Number of protein chains: 2
Amino acid sequence: MKEGPDIALIGSLIGDPARANMLTALMGGRALTPTELAAHAGITLQTASSHLSKLEAGGLLSQRKQGRHRYYQLAEDEVGLMLENLMGFAAGRGMNRHRPGPKDPALRKARVCYNHLAGDYGVRMFESLIAAKQIEVAGDDLALTDAGQIRIEALGINYASLKKSRRPICRTCLDWSERRSHLAGSLGEALLTLFIDKGWAKRETNSRAIRFTDSGEKAFSDLFPQ
Amino acid sequence: MKEGPDIALIGSLIGDPARANMLTALMGGRALTPTELAAHAGITLQTASSHLSKLEAGGLLSQRKQGRHRYYQLAEDEVGLMLENLMGFAAGRGMNRHRPGPKDPALRKARVCYNHLAGDYGVRMFESLIAAKQIEVAGDDLALTDAGQIRIEALGINYASLKKSRRPICRTCLDWSERRSHLAGSLGEALLTLFIDKGWAKRETNSRAIRFTDSGEKAFSDLFPQ
DNA sequence: TTCATACTTCGATGGTAGTCGAAGCATAGA
DNA sequence: TCTATGCTTCGACTACCATCGAAGTATGAA
(Lines give C-alpha, C1' and ligand atoms only; values in the text may rest on other atoms or scores of the structure.)
Protein backbone atom coordinates (compact mmCIF):
# COMPACT_ATOMS: atom_id res chain seq x y z
CA MET A 1 0.00 0.00 0.00
CA LYS A 2 0.98 3.61 -0.48
CA GLU A 3 2.91 2.68 -3.57
CA GLY A 4 3.33 4.71 -6.68
CA PRO A 5 2.13 8.14 -7.70
CA ASP A 6 -0.78 9.92 -6.13
CA ILE A 7 -3.76 9.58 -8.42
CA ALA A 8 -6.15 10.80 -5.76
CA LEU A 9 -4.75 14.30 -6.10
CA ILE A 10 -5.48 14.62 -9.80
CA GLY A 11 -8.72 12.76 -9.34
CA SER A 12 -9.96 15.23 -6.79
CA LEU A 13 -8.90 18.16 -8.97
CA ILE A 14 -10.90 16.81 -11.88
CA GLY A 15 -13.64 15.43 -9.67
CA ASP A 16 -15.33 18.72 -8.94
CA PRO A 17 -17.97 19.50 -11.58
CA ALA A 18 -17.10 23.18 -11.75
CA ARG A 19 -13.43 22.42 -12.32
CA ALA A 20 -14.24 19.70 -14.82
CA ASN A 21 -16.33 22.16 -16.80
CA MET A 22 -13.51 24.68 -16.85
CA LEU A 23 -11.03 22.07 -17.99
CA THR A 24 -13.40 20.94 -20.70
CA ALA A 25 -13.81 24.52 -21.83
CA LEU A 26 -10.05 24.94 -21.97
CA MET A 27 -9.82 21.83 -24.14
CA GLY A 28 -11.19 24.17 -26.79
CA GLY A 29 -7.65 25.47 -27.05
CA ARG A 30 -8.30 29.13 -26.39
CA ALA A 31 -6.87 30.74 -23.30
CA LEU A 32 -9.77 32.02 -21.22
CA THR A 33 -10.17 34.55 -18.43
CA PRO A 34 -11.57 33.73 -14.99
CA THR A 35 -14.74 35.62 -15.88
CA GLU A 36 -15.30 33.50 -18.97
CA LEU A 37 -14.48 30.30 -17.15
CA ALA A 38 -16.86 31.21 -14.34
CA ALA A 39 -19.62 31.54 -16.93
CA HIS A 40 -18.75 28.16 -18.41
CA ALA A 41 -18.94 26.53 -15.02
CA GLY A 42 -22.00 28.43 -13.91
CA ILE A 43 -20.40 29.85 -10.77
CA THR A 44 -19.38 33.27 -9.52
CA LEU A 45 -16.04 34.86 -10.19
CA GLN A 46 -14.85 34.40 -6.61
CA THR A 47 -15.48 30.69 -6.68
CA ALA A 48 -13.85 30.35 -10.07
CA SER A 49 -10.82 32.20 -8.83
CA SER A 50 -10.42 29.75 -6.00
CA HIS A 51 -10.74 26.77 -8.34
CA LEU A 52 -8.27 28.22 -10.78
CA SER A 53 -5.57 28.65 -8.19
CA LYS A 54 -6.03 25.04 -7.17
CA LEU A 55 -5.76 23.84 -10.73
CA GLU A 56 -2.69 25.96 -11.24
CA ALA A 57 -1.09 24.71 -8.04
CA GLY A 58 -1.80 21.17 -9.22
CA GLY A 59 0.09 21.85 -12.44
CA LEU A 60 -2.91 21.43 -14.71
CA LEU A 61 -3.19 25.06 -15.74
CA SER A 62 -0.86 27.92 -16.41
CA GLN A 63 -1.60 31.59 -16.44
CA ARG A 64 -0.36 34.64 -18.22
CA LYS A 65 -1.23 38.17 -17.32
CA GLN A 66 -2.05 40.67 -19.99
CA GLY A 67 -3.11 44.07 -18.81
CA ARG A 68 -5.88 43.56 -16.35
CA HIS A 69 -6.82 40.20 -17.78
CA ARG A 70 -5.49 36.84 -16.76
CA TYR A 71 -5.54 34.16 -19.36
CA TYR A 72 -5.64 30.59 -18.22
CA GLN A 73 -4.76 27.63 -20.40
CA LEU A 74 -3.82 24.00 -20.05
CA ALA A 75 -0.28 23.88 -18.70
CA GLU A 76 1.08 21.37 -21.21
CA ASP A 77 0.05 19.19 -24.11
CA GLU A 78 0.09 16.24 -21.78
CA VAL A 79 -2.72 17.68 -19.72
CA GLY A 80 -4.87 17.75 -22.84
CA LEU A 81 -3.91 14.20 -23.74
CA MET A 82 -4.73 12.99 -20.26
CA LEU A 83 -8.11 14.71 -20.30
CA GLU A 84 -9.02 13.37 -23.73
CA ASN A 85 -8.03 9.95 -22.48
CA LEU A 86 -10.30 10.26 -19.47
CA MET A 87 -13.13 11.42 -21.70
CA GLY A 88 -12.64 8.34 -23.81
CA PHE A 89 -12.90 6.18 -20.77
CA ALA A 90 -15.98 7.99 -19.52
CA ALA A 91 -17.66 7.87 -22.91
CA GLY A 92 -17.01 4.14 -23.16
CA ARG A 93 -18.94 3.68 -19.96
CA GLY A 94 -21.86 5.83 -20.95
CA MET A 95 -20.99 8.56 -18.48
CA ASN A 96 -22.51 11.41 -20.38
CA ARG A 97 -23.79 14.58 -18.89
CA HIS A 98 -26.41 15.08 -21.48
CA ARG A 99 -28.56 13.16 -23.84
CA PRO A 100 -26.87 13.66 -27.17
CA GLY A 101 -27.95 17.11 -28.25
CA PRO A 102 -27.95 18.88 -31.58
CA LYS A 103 -24.34 19.90 -31.15
CA ASP A 104 -23.19 16.37 -30.62
CA PRO A 105 -22.88 15.27 -34.27
CA ALA A 106 -20.82 18.37 -35.03
CA LEU A 107 -18.46 17.53 -32.17
CA ARG A 108 -18.03 14.00 -33.38
CA LYS A 109 -17.33 15.19 -36.89
CA ALA A 110 -14.59 17.68 -36.08
CA ARG A 111 -13.53 19.38 -32.90
CA VAL A 112 -10.52 20.91 -31.20
CA CYS A 113 -8.60 18.70 -28.85
CA TYR A 114 -6.73 21.40 -26.97
CA ASN A 115 -4.65 22.52 -29.94
CA HIS A 116 -5.15 19.95 -32.65
CA LEU A 117 -7.91 18.39 -34.74
CA ALA A 118 -9.99 15.55 -33.34
CA GLY A 119 -13.15 13.68 -34.20
CA ASP A 120 -13.88 11.88 -37.45
CA TYR A 121 -11.81 14.37 -39.44
CA GLY A 122 -8.87 14.14 -37.08
CA VAL A 123 -8.81 10.38 -37.32
CA ARG A 124 -9.18 10.44 -41.10
CA MET A 125 -6.26 12.82 -41.42
CA PHE A 126 -4.11 10.68 -39.15
CA GLU A 127 -4.85 7.44 -40.96
CA SER A 128 -4.37 9.04 -44.32
CA LEU A 129 -0.92 10.29 -43.29
CA ILE A 130 -0.02 6.81 -42.07
CA ALA A 131 -1.30 5.15 -45.25
CA ALA A 132 0.76 7.55 -47.38
CA LYS A 133 3.80 6.68 -45.25
CA GLN A 134 4.31 10.32 -44.37
CA ILE A 135 4.17 9.43 -40.71
CA GLU A 136 5.62 6.26 -39.34
CA VAL A 137 4.97 4.42 -36.16
CA ALA A 138 8.36 3.71 -34.65
CA GLY A 139 7.95 1.63 -31.55
CA ASP A 140 6.33 3.91 -29.11
CA ASP A 141 6.38 7.21 -30.84
CA LEU A 142 5.67 8.67 -34.20
CA ALA A 143 8.16 9.96 -36.69
CA LEU A 144 7.74 12.20 -39.70
CA THR A 145 9.25 10.48 -42.75
CA ASP A 146 11.24 12.28 -45.45
CA ALA A 147 8.18 12.17 -47.66
CA GLY A 148 6.24 13.68 -44.81
CA GLN A 149 8.69 16.53 -44.38
CA ILE A 150 8.43 17.41 -48.06
CA ARG A 151 4.69 17.21 -47.85
CA ILE A 152 4.23 19.57 -44.97
CA GLU A 153 6.75 22.03 -46.36
CA ALA A 154 4.67 22.06 -49.55
CA LEU A 155 1.66 22.95 -47.45
CA GLY A 156 3.55 25.91 -46.07
CA ILE A 157 4.55 24.56 -42.67
CA ASN A 158 8.11 25.30 -41.70
CA TYR A 159 9.64 22.03 -40.61
CA ALA A 160 12.76 23.63 -39.15
CA SER A 161 10.78 25.77 -36.75
CA LEU A 162 8.75 22.78 -35.59
CA LYS A 163 11.94 20.91 -34.93
CA LYS A 164 13.48 23.71 -32.90
CA SER A 165 10.93 23.38 -30.11
CA ARG A 166 11.44 20.81 -27.39
CA ARG A 167 7.91 19.52 -27.86
CA PRO A 168 7.46 16.31 -29.84
CA ILE A 169 6.45 16.99 -33.42
CA CYS A 170 4.16 14.01 -33.73
CA ARG A 171 2.17 12.35 -31.00
CA THR A 172 -0.86 10.16 -30.86
CA CYS A 173 -3.92 11.14 -28.92
CA LEU A 174 -6.81 8.77 -28.30
CA ASP A 175 -10.05 10.10 -29.69
CA TRP A 176 -13.00 9.65 -27.34
CA SER A 177 -15.67 9.70 -29.99
CA GLU A 178 -13.89 7.58 -32.57
CA ARG A 179 -11.98 5.41 -30.12
CA ARG A 180 -8.97 5.56 -32.38
CA SER A 181 -5.87 7.71 -32.49
CA HIS A 182 -5.45 11.06 -34.09
CA LEU A 183 -2.45 13.32 -34.51
CA ALA A 184 -1.30 15.59 -31.71
CA GLY A 185 2.04 17.31 -31.09
CA SER A 186 3.36 20.46 -32.70
CA LEU A 187 2.58 19.18 -36.19
CA GLY A 188 -0.99 18.48 -35.18
CA GLU A 189 -1.24 22.01 -33.94
CA ALA A 190 0.39 23.47 -37.04
CA LEU A 191 -2.01 21.61 -39.31
CA LEU A 192 -5.10 22.82 -37.50
CA THR A 193 -3.76 26.37 -37.58
CA LEU A 194 -3.18 25.96 -41.30
CA PHE A 195 -6.75 24.87 -41.98
CA ILE A 196 -8.08 27.84 -40.11
CA ASP A 197 -5.65 30.29 -41.69
CA LYS A 198 -6.63 29.05 -45.12
CA GLY A 199 -10.25 29.64 -44.25
CA TRP A 200 -11.17 25.99 -44.70
CA ALA A 201 -12.54 25.74 -41.21
CA LYS A 202 -13.32 27.88 -38.25
CA ARG A 203 -13.77 27.35 -34.57
CA GLU A 204 -17.14 27.86 -33.02
CA THR A 205 -17.02 30.51 -30.37
CA ASN A 206 -18.42 28.69 -27.38
CA SER A 207 -17.77 25.09 -28.21
CA ARG A 208 -15.03 22.69 -29.13
CA ALA A 209 -16.72 22.09 -32.45
CA ILE A 210 -15.00 23.05 -35.70
CA ARG A 211 -17.04 23.88 -38.75
CA PHE A 212 -15.59 23.22 -42.18
CA THR A 213 -16.74 25.27 -45.13
CA ASP A 214 -17.87 23.43 -48.24
CA SER A 215 -14.74 24.30 -50.15
CA GLY A 216 -12.64 23.58 -47.09
CA GLU A 217 -14.19 20.17 -46.77
CA LYS A 218 -13.37 19.44 -50.37
CA ALA A 219 -9.78 20.65 -50.03
CA PHE A 220 -9.38 18.59 -46.88
CA SER A 221 -10.69 15.45 -48.53
CA ASP A 222 -8.36 15.95 -51.48
CA LEU A 223 -5.40 16.35 -49.16
CA PHE A 224 -6.27 13.38 -47.00
CA PRO A 225 -8.17 10.81 -49.03
CA GLN A 226 -9.82 8.01 -47.13
CA MET B 1 -20.22 24.09 -22.01
CA LYS B 2 -21.70 20.79 -20.89
CA GLU B 3 -20.18 19.06 -23.88
CA GLY B 4 -18.80 15.61 -24.06
CA PRO B 5 -18.48 12.88 -21.48
CA ASP B 6 -18.55 13.44 -17.77
CA ILE B 7 -15.01 13.34 -16.48
CA ALA B 8 -16.03 14.78 -13.13
CA LEU B 9 -17.75 11.54 -12.26
CA ILE B 10 -14.66 9.37 -12.71
CA GLY B 11 -12.53 12.08 -11.22
CA SER B 12 -14.53 12.14 -8.03
CA LEU B 13 -14.49 8.35 -7.83
CA ILE B 14 -10.71 8.32 -8.04
CA GLY B 15 -10.34 11.53 -6.10
CA ASP B 16 -10.98 10.08 -2.67
CA PRO B 17 -7.75 8.84 -1.08
CA ALA B 18 -9.35 5.72 0.37
CA ARG B 19 -10.77 4.73 -3.00
CA ALA B 20 -7.53 5.57 -4.78
CA ASN B 21 -5.66 3.28 -2.40
CA MET B 22 -8.07 0.46 -3.05
CA LEU B 23 -7.79 0.88 -6.79
CA THR B 24 -4.01 0.94 -6.54
CA ALA B 25 -4.13 -2.24 -4.49
CA LEU B 26 -6.33 -3.88 -7.11
CA MET B 27 -3.81 -2.92 -9.79
CA GLY B 28 -1.82 -5.74 -8.23
CA GLY B 29 -4.10 -8.02 -10.20
CA ARG B 30 -5.43 -10.15 -7.38
CA ALA B 31 -9.09 -10.01 -6.53
CA LEU B 32 -9.38 -8.78 -2.96
CA THR B 33 -12.07 -8.91 -0.30
CA PRO B 34 -13.58 -5.82 1.35
CA THR B 35 -11.70 -6.68 4.55
CA GLU B 36 -8.36 -6.72 2.74
CA LEU B 37 -9.15 -3.56 0.85
CA ALA B 38 -10.19 -1.81 4.04
CA ALA B 39 -6.77 -2.63 5.49
CA HIS B 40 -5.04 -1.28 2.40
CA ALA B 41 -6.94 1.97 2.66
CA GLY B 42 -6.67 2.23 6.42
CA ILE B 43 -10.41 2.45 7.04
CA THR B 44 -13.06 0.28 8.66
CA LEU B 45 -14.97 -2.39 6.89
CA GLN B 46 -18.20 -0.39 6.85
CA THR B 47 -16.56 2.55 5.14
CA ALA B 48 -14.84 0.29 2.66
CA SER B 49 -18.12 -1.37 1.82
CA SER B 50 -19.66 1.97 1.01
CA HIS B 51 -16.74 2.93 -1.22
CA LEU B 52 -16.80 -0.38 -3.00
CA SER B 53 -20.44 -0.10 -3.94
CA LYS B 54 -19.76 3.33 -5.38
CA LEU B 55 -16.84 2.05 -7.41
CA GLU B 56 -18.94 -0.84 -8.63
CA ALA B 57 -21.84 1.43 -9.54
CA GLY B 58 -19.38 3.59 -11.45
CA GLY B 59 -18.27 0.59 -13.48
CA LEU B 60 -14.72 0.57 -12.20
CA LEU B 61 -14.97 -2.63 -10.20
CA SER B 62 -16.75 -5.92 -10.49
CA GLN B 63 -17.50 -8.40 -7.81
CA ARG B 64 -17.88 -12.13 -7.51
CA LYS B 65 -19.20 -13.94 -4.50
CA GLN B 66 -17.54 -17.07 -3.31
CA GLY B 67 -18.92 -18.59 -0.16
CA ARG B 68 -19.02 -15.87 2.40
CA HIS B 69 -16.31 -13.85 0.69
CA ARG B 70 -16.74 -11.21 -1.92
CA TYR B 71 -13.89 -10.72 -4.29
CA TYR B 72 -13.53 -7.35 -5.93
CA GLN B 73 -11.43 -6.72 -9.02
CA LEU B 74 -11.05 -4.14 -11.73
CA ALA B 75 -14.05 -4.44 -14.01
CA GLU B 76 -12.11 -4.48 -17.28
CA ASP B 77 -8.65 -4.21 -18.70
CA GLU B 78 -9.45 -0.66 -19.71
CA VAL B 79 -9.82 0.39 -16.12
CA GLY B 80 -6.28 -0.76 -15.46
CA LEU B 81 -4.99 1.03 -18.55
CA MET B 82 -6.73 4.23 -17.53
CA LEU B 83 -5.30 4.05 -14.01
CA GLU B 84 -1.77 3.33 -15.20
CA ASN B 85 -2.15 6.26 -17.53
CA LEU B 86 -3.20 8.55 -14.69
CA MET B 87 -0.28 7.32 -12.62
CA GLY B 88 2.05 8.21 -15.45
CA PHE B 89 0.63 11.69 -15.53
CA ALA B 90 0.87 12.08 -11.78
CA ALA B 91 4.41 10.74 -11.68
CA GLY B 92 5.46 13.14 -14.42
CA ARG B 93 4.36 15.98 -12.21
CA GLY B 94 6.09 14.76 -9.10
CA MET B 95 2.83 13.91 -7.35
CA ASN B 96 4.21 11.17 -5.17
CA ARG B 97 2.78 10.14 -1.90
CA HIS B 98 6.08 9.01 -0.52
CA ARG B 99 9.74 9.69 -0.74
CA PRO B 100 11.10 6.85 -2.81
CA GLY B 101 11.40 4.01 -0.33
CA PRO B 102 13.27 0.75 -0.35
CA LYS B 103 10.52 -0.95 -2.33
CA ASP B 104 10.63 1.60 -5.09
CA PRO B 105 13.53 0.15 -7.13
CA ALA B 106 11.87 -3.26 -7.11
CA LEU B 107 8.65 -1.71 -8.41
CA ARG B 108 10.47 0.02 -11.20
CA LYS B 109 12.25 -3.15 -12.17
CA ALA B 110 9.22 -5.40 -12.47
CA ARG B 111 5.67 -5.13 -11.24
CA VAL B 112 2.15 -6.22 -12.01
CA CYS B 113 0.01 -3.82 -13.99
CA TYR B 114 -3.37 -5.32 -13.20
CA ASN B 115 -2.75 -8.59 -15.03
CA HIS B 116 0.41 -8.14 -17.05
CA LEU B 117 4.07 -7.34 -16.59
CA ALA B 118 5.21 -3.72 -16.25
CA GLY B 119 8.33 -1.83 -15.28
CA ASP B 120 11.76 -2.19 -16.86
CA TYR B 121 11.17 -5.88 -17.55
CA GLY B 122 7.78 -5.26 -19.11
CA VAL B 123 9.18 -2.65 -21.47
CA ARG B 124 12.16 -4.82 -22.38
CA MET B 125 9.90 -7.70 -23.25
CA PHE B 126 7.68 -5.50 -25.37
CA GLU B 127 10.52 -3.94 -27.31
CA SER B 128 12.19 -7.27 -27.81
CA LEU B 129 9.01 -8.69 -29.32
CA ILE B 130 8.74 -5.71 -31.63
CA ALA B 131 12.38 -5.96 -32.67
CA ALA B 132 11.94 -9.65 -33.47
CA LYS B 133 8.87 -8.74 -35.56
CA GLN B 134 6.71 -11.06 -33.52
CA ILE B 135 4.40 -8.21 -32.75
CA GLU B 136 3.59 -5.54 -35.26
CA VAL B 137 2.24 -2.07 -34.82
CA ALA B 138 -0.63 -1.76 -37.27
CA GLY B 139 -2.00 1.73 -37.18
CA ASP B 140 -3.63 2.01 -33.84
CA ASP B 141 -3.46 -1.44 -32.51
CA LEU B 142 -1.04 -4.27 -32.19
CA ALA B 143 -1.10 -7.53 -34.10
CA LEU B 144 0.63 -10.79 -33.44
CA THR B 145 2.56 -11.84 -36.56
CA ASP B 146 2.79 -15.39 -37.84
CA ALA B 147 6.25 -15.64 -36.34
CA GLY B 148 4.77 -14.41 -33.09
CA GLN B 149 2.08 -17.08 -33.12
CA ILE B 150 4.65 -19.81 -33.59
CA ARG B 151 6.77 -18.31 -30.87
CA ILE B 152 4.10 -18.22 -28.19
CA GLU B 153 2.83 -21.68 -29.08
CA ALA B 154 6.39 -22.90 -28.56
CA LEU B 155 6.31 -21.33 -25.12
CA GLY B 156 3.19 -23.31 -24.34
CA ILE B 157 0.56 -20.62 -24.77
CA ASN B 158 -2.49 -21.77 -26.65
CA TYR B 159 -3.11 -19.20 -29.38
CA ALA B 160 -6.53 -20.54 -30.26
CA SER B 161 -7.86 -20.04 -26.76
CA LEU B 162 -6.52 -16.49 -26.65
CA LYS B 163 -8.27 -15.78 -29.90
CA LYS B 164 -11.59 -17.14 -28.72
CA SER B 165 -12.05 -14.42 -26.14
CA ARG B 166 -13.49 -11.09 -27.14
CA ARG B 167 -10.63 -9.27 -25.43
CA PRO B 168 -7.86 -7.90 -27.63
CA ILE B 169 -4.84 -10.19 -27.64
CA CYS B 170 -2.27 -7.43 -27.78
CA ARG B 171 -2.57 -3.93 -26.40
CA THR B 172 -0.16 -1.25 -25.39
CA CYS B 173 -0.14 0.18 -21.91
CA LEU B 174 1.88 3.22 -20.96
CA ASP B 175 4.36 2.49 -18.23
CA TRP B 176 4.50 5.18 -15.57
CA SER B 177 8.01 4.45 -14.40
CA GLU B 178 9.60 3.91 -17.79
CA ARG B 179 7.38 6.31 -19.71
CA ARG B 180 7.25 3.88 -22.57
CA SER B 181 4.80 1.23 -23.64
CA HIS B 182 4.61 -2.32 -22.51
CA LEU B 183 2.42 -5.22 -23.55
CA ALA B 184 -1.10 -5.62 -22.15
CA GLY B 185 -4.07 -7.61 -23.43
CA SER B 186 -4.73 -11.30 -23.07
CA LEU B 187 -1.25 -12.18 -24.37
CA GLY B 188 0.34 -9.89 -21.81
CA GLU B 189 -1.65 -11.69 -19.14
CA ALA B 190 -0.78 -15.13 -20.50
CA LEU B 191 2.93 -14.32 -20.56
CA LEU B 192 2.98 -13.13 -16.97
CA THR B 193 1.07 -16.23 -15.89
CA LEU B 194 3.61 -18.31 -17.78
CA PHE B 195 6.58 -16.75 -15.98
CA ILE B 196 4.96 -17.39 -12.63
CA ASP B 197 3.88 -20.93 -13.52
CA LYS B 198 7.40 -21.74 -14.63
CA GLY B 199 8.68 -20.48 -11.31
CA TRP B 200 10.78 -17.75 -12.94
CA ALA B 201 9.11 -15.06 -10.92
CA LYS B 202 6.64 -14.62 -8.13
CA ARG B 203 4.38 -11.90 -6.90
CA GLU B 204 5.04 -10.29 -3.60
CA THR B 205 2.14 -10.68 -1.26
CA ASN B 206 1.36 -7.11 -0.35
CA SER B 207 2.77 -5.15 -3.22
CA ARG B 208 2.66 -4.84 -6.96
CA ALA B 209 6.31 -5.84 -7.13
CA ILE B 210 7.39 -9.02 -8.89
CA ARG B 211 10.55 -10.78 -7.88
CA PHE B 212 12.44 -12.79 -10.46
CA THR B 213 14.61 -15.70 -9.34
CA ASP B 214 18.18 -15.80 -10.58
CA SER B 215 17.46 -18.59 -13.02
CA GLY B 216 14.20 -16.93 -14.01
CA GLU B 217 16.02 -13.73 -14.77
CA LYS B 218 18.45 -15.58 -16.99
CA ALA B 219 15.69 -17.44 -18.81
CA PHE B 220 13.80 -14.18 -19.30
CA SER B 221 16.86 -12.42 -20.72
CA ASP B 222 17.49 -15.32 -23.10
CA LEU B 223 13.91 -15.20 -24.31
CA PHE B 224 13.83 -11.44 -24.70
CA PRO B 225 17.31 -10.13 -25.48
CA GLN B 226 17.80 -6.41 -25.30
C1' DT C 1 -6.94 62.05 -9.26
C1' DT C 2 -11.07 59.67 -9.89
C1' DC C 3 -13.69 56.05 -11.65
C1' DA C 4 -14.31 51.52 -13.77
C1' DT C 5 -13.02 46.91 -14.68
C1' DA C 6 -10.83 42.52 -13.56
C1' DC C 7 -9.56 39.79 -10.23
C1' DT C 8 -8.12 38.09 -5.43
C1' DT C 9 -8.63 37.47 -0.52
C1' DC C 10 -11.30 37.12 3.62
C1' DG C 11 -15.01 35.39 6.27
C1' DA C 12 -19.25 33.11 7.02
C1' DT C 13 -22.49 29.60 5.62
C1' DG C 14 -24.38 25.41 4.17
C1' DG C 15 -24.43 21.05 2.11
C1' DT C 16 -22.38 16.90 1.13
C1' DA C 17 -19.72 13.02 1.72
C1' DG C 18 -16.52 10.28 4.38
C1' DT C 19 -16.40 8.13 8.73
C1' DC C 20 -17.65 4.75 12.24
C1' DG C 21 -20.77 2.33 15.91
C1' DA C 22 -24.56 -0.65 16.13
C1' DA C 23 -27.63 -3.67 14.26
C1' DG C 24 -29.13 -6.74 10.56
C1' DC C 25 -28.31 -10.55 6.80
C1' DA C 26 -26.07 -14.31 4.83
C1' DT C 27 -23.03 -18.20 4.58
C1' DA C 28 -20.20 -21.90 6.66
C1' DG C 29 -19.32 -25.18 10.00
C1' DA C 30 -20.41 -27.98 14.06
C1' DT D 1 -30.01 -25.57 15.88
C1' DC D 2 -26.33 -22.50 17.52
C1' DT D 3 -22.11 -19.91 16.77
C1' DA D 4 -18.56 -17.55 14.14
C1' DT D 5 -17.27 -14.90 10.26
C1' DG D 6 -17.83 -11.68 6.43
C1' DC D 7 -20.23 -8.16 4.83
C1' DT D 8 -24.12 -4.64 4.27
C1' DT D 9 -27.37 -1.23 5.90
C1' DC D 10 -28.81 2.37 8.96
C1' DG D 11 -28.15 6.42 11.52
C1' DA D 12 -25.55 9.98 13.51
C1' DC D 13 -21.57 12.78 13.60
C1' DT D 14 -18.02 15.58 11.74
C1' DA D 15 -14.99 17.74 8.79
C1' DC D 16 -14.13 19.55 4.73
C1' DC D 17 -14.97 22.29 0.83
C1' DA D 18 -17.63 24.64 -2.57
C1' DT D 19 -20.12 28.71 -2.56
C1' DC D 20 -20.97 33.60 -2.35
C1' DG D 21 -21.08 38.50 -0.19
C1' DA D 22 -18.08 42.01 1.08
C1' DA D 23 -13.87 44.16 1.13
C1' DG D 24 -9.26 44.74 -0.77
C1' DT D 25 -5.68 45.07 -4.74
C1' DA D 26 -4.15 46.01 -9.38
C1' DT D 27 -4.47 47.84 -14.00
C1' DG D 28 -6.36 50.97 -17.35
C1' DA D 29 -8.87 54.97 -18.89
C1' DA D 30 -10.55 59.65 -18.45
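Chain naming here is simple, since letters A, B, ... match the order of the sequence lines and numbering starts at 1 in each. FYI, side chains are in, hydrogens and waters are out, and symmetry mates aren't considered; it's all heavy atoms of this structure. Please read these numbers as outputs of a predicted model, since none were measured by experiment.
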**Asked** So what does B:S53 hit on the nucleic acid, given a heavy-atom distance under 4.0 Å: a base, only sugar-phosphate, or nothing?
**Response** nothing
**A:W176 six-ring centre to A:R111 NZ/CZ under 6.0 Å and within 45° of normal** = yes
**Prompt:** What nucleic acid atoms does A:Y72 come within less than 4.0 Å of, heavy atoms only: base, sugar-phosphate, or nothing?
**Reply:** sugar-phosphate
**Message:** What is the distance, to the nearest angstrom, from the CG atom on A:L9 to the C1' atom on D:dC16?
**Reply:** 15 Å
**Whole-Å distance separating the CD atom of A:Q63 from the P atom of C:dA6** = 16 Å
**Item:** Distance in angstrom units between A:L52 CG and C:dT9 P, rounded
**Value:** 12 Å
**Asked** What's the closest nucleotide to the A:R70 side chain, out of C:dT8, D:dC7, C:dC20?
**Response** C:dT8
**Complete:** Between CG of A:L55 and C1' of D:dA18 the distance, given in whole Å, is 13 Å
**Asked** A:L45 side chain: which of D:dG6, D:dA18, C:dC7 is closest?
**Response** C:dC7
**Asked** Taking the side chain of A:T47 as its heavy atoms from C-beta onward, which of D:dA29, C:dG18, D:dA18 lies nearest to it?
**Response** D:dA18
**Prompt:** Does OP1 or OP2 of D:dA18 have a side-chain N or O of A:K54 closer than 4.0 Å?
**Reply:** yes
**Per A:T35 side chain, nearest of listed nucleotides D:dT19, C:dA6, D:dC7** = C:dA6
**Asked** With sugar-phosphate meaning primed atoms plus P, OP1 and OP2, does A:A48 contact a base, only sugar-phosphate, or nothing at under 4.0 Å between heavy atoms?
**Response** nothing
**Message:** I'd like to know whether CZ of A:R211 has more than 12 heavy-atom contacts from other residues, nucleotides or ligands below 6.0 angstrom.
**Reply:** no
**Request:** Rounded to the nearest angstrom, tell me the gap between atom CG in A:D16 and atom P in C:dA17.
**Result:** 11 Å
**Message:** Let's see if you can work this out: which of D:dT27, C:dG18, D:dC7 has an atom nearest to the side-chain heavy atoms of B:P34?
**Reply:** D:dC7
**Request:** Rounded off to whole Å, could you give me the NZ-to-C1' distance for the B:K65 and C:dT27 pair?
**Result:** 9 Å
**Item:** A:D214 CG: over 12 foreign heavy atoms closer than 6.0 Å
**Value:** no
**Asked** Are the charged groups of B:E78 and A:R93 less than 4.0 angstrom apart, N to O?
**Response** yes
**Request:** May I ask you to say whether A:E153 pairs ionically with A:K163, meaning some side-chain N is under 4.0 Å from a carboxylate O?
**Result:** no
**Request:** Grab the CD1-P distance between A:I43 and D:dC20 for me, whole Å please.
**Result:** 7 Å
**Fill in**
Looking only at D:dC7, C:dG18, D:dG28, the nucleotide nearest the A:R68 side chain is D:dG28
**Asked** What's the closest nucleotide to the B:Q46 side chain, out of D:dA18, D:dT9, C:dT8?
**Response** D:dT9
**Value in whole Å for how far the P atom of D:dT27 lies from NE2 of A:H69** = 13 Å
